[in-house]
Trainee: 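Structure below; questions to follow.
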Amino acid sequence: MNEIERLYTFLVQFPELYLATQEQGQPHILPIRSVHLENGRLYVIGCDKETLQRLNTNPKAALLAVSGQQQLRMEGRLLIEDSRCYFRSAQAELVSPDGTSQAFHISAQRPFENVYGKLIVSCQALPEEPLHSSVIMARMAEAARRAGAAGIRANSTADIQAIRTQVDLPIIGIIKAEYPDSPVYITPTMKEIDALVSAGPDVIALDATDRLRPGNISLADFVAAIRSRYPQQKLMADCSTPAEILQADELGFDYIGTTLVGYTEASRGHRIEENDFEWIRQALEQIHVPLIAEGNIDTPEKARRVLDLGCFSVVVGSAITRPQNIAARFTAALEKEGK
Ligand SMILES: CC(=O)N[C@H](C=O)[C@@H](O)[C@H](O)[C@H](O)COP(=O)(O)O
């Protein structure tokens, strides 16, 4: 169950619901009938015409649900569509009679299929990078959305939650974590899967190379364990070689990516664009699930080419969201020219 579903199961237990809106600094409060969850959107049912008009001008609203001494408070933004309104994003707090509380961050979801034929922007900055900050990653994601990107790839639950409150695009989530007994670092164990599932990205990506995970766990065993624990969760395979792409297809991943080409011992020295994206062209003829081009797609022309070849979508990271890398390309070119 993701965060919005968990919040919904609490909300429906409250007999009294009130919605507060604002018009030119004037507060308005309205008892509402109920809430309804549909396609990842939390709808507020029973708003009158005036409230919908107010929300159209100022989407900020607060919802209070009361049941005896238990309260659930929500603050967020509502969007109106076909005379119905739903939370685009919100933060909620459930306060129990004993004073304990539970926080929720929700955001309306768009289906992952929306990324078909479009750009996914990877917004990542590791602790050693200058832009390491969930606030900055959420802004990066908002910039990508304004530019027309259809999806976001993000690292860590903190970044995913921050991005969700700003941007209602589908998210591919990962957790990068290093373990002493394995070189696998993209979502390597069930600990990272558990954390990601609670943050609720649309798709979880994990290393799908032919290497053992921490604790000597094979990829096949890891995937089987994830499937039995979270049967609904969509999974993306981050591969580095054509053989790994075929294996990921056999293992039943929902999406396959070329993320790790050039980053493993088995793919050392290879770049995804070599011989007009030969590995991508081969894979597209053989696999049965959507292929996402990712890793060193660093120009608009390369992104266009992989989509023309038949990739489902393309993920671009460093060339858009890592200014240090972008600047380094310029300084390197200038140094060469000067010689
Ligand atoms: C190899 C590895 O760890 N790749 C990571 C996977 O999430 C990210 O650091 C990349 O930025 C991402 O794959 C996008 O690729 P590029 O930044 O090349 O556009």
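Predicted, not measured: the structure shown is a model, and the values here were computed from it. Atoms within a ligand are numbered from 1 in the order they appear, just like the ligands themselves.
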Trainee: At their closest point, which heavy atom of Tyr8 faces which heavy atom of Leu37, and how far apart are they?
Mentor: CE1-N, 3.5 Å

Trainee: What short N/O contacts, under 3.5 Å, does ligand 1 make with the protein, listed by atom pair and distance?
Mentor:
residue: ligand 1; atom: 3 (O); partner: Tyr185; partner atom: OH; Å: 2.7
residue: ligand 1; atom: 7 (O); partner: Gln124; partner atom: NE2; Å: 2.9
residue: ligand 1; atom: 7 (O); partner: Arg153; partner atom: NE; Å: 3.1
residue: ligand 1; atom: 7 (O); partner: Arg153; partner atom: NH2; Å: 2.9
residue: ligand 1; atom: 9 (O); partner: Lys176; partner atom: NZ; Å: 2.8
residue: ligand 1; atom: 9 (O); partner: Arg322; partner atom: NH2; Å: 3.4
residue: ligand 1; atom: 11 (O); partner: Arg322; partner atom: NH1; Å: 2.8
residue: ligand 1; atom: 13 (O); partner: Glu294; partner atom: OE2; Å: 2.5
residue: ligand 1; atom: 17 (O); partner: Ser318; partner atom: N; Å: 2.8
residue: ligand 1; atom: 17 (O); partner: Ser318; partner atom: OG; Å: 2.5
residue: ligand 1; atom: 18 (O); partner: Asn296; partner atom: N; Å: 2.8
residue: ligand 1; atom: 19 (O); partner: Gly317; partner atom: N; Å: 2.8

Trainee: With a 6.0 Å cut-off (strictly less than), is the heavy-atom count around OH of Tyr179, excluding the residue itself, greater than 12?
Mentor: yes

Trainee: Is the terminal nitrogen or CZ of Arg213 (NZ for Lys, CZ for Arg) located under 6.0 angstrom from the six-membered ring centre of Phe222 and within 45° of that ring's axis?
Mentor: no

Trainee: List in chain and number order the residues that pass side-chain hydrogen bond (donor to acceptor under 3.5 Å, both in side chains) with His270, two or more places apart in sequence or in another chain; answer none if no residue qualifies.
Mentor: Glu274

Trainee: Charged N to carboxylate O below 4.0 Å: is that the case for Glu3 and Arg164?
Mentor: no

Trainee: Regarding Glu142 and Arg145, does a basic nitrogen lie under 4.0 Å from an acidic carboxylate oxygen?
Mentor: yes

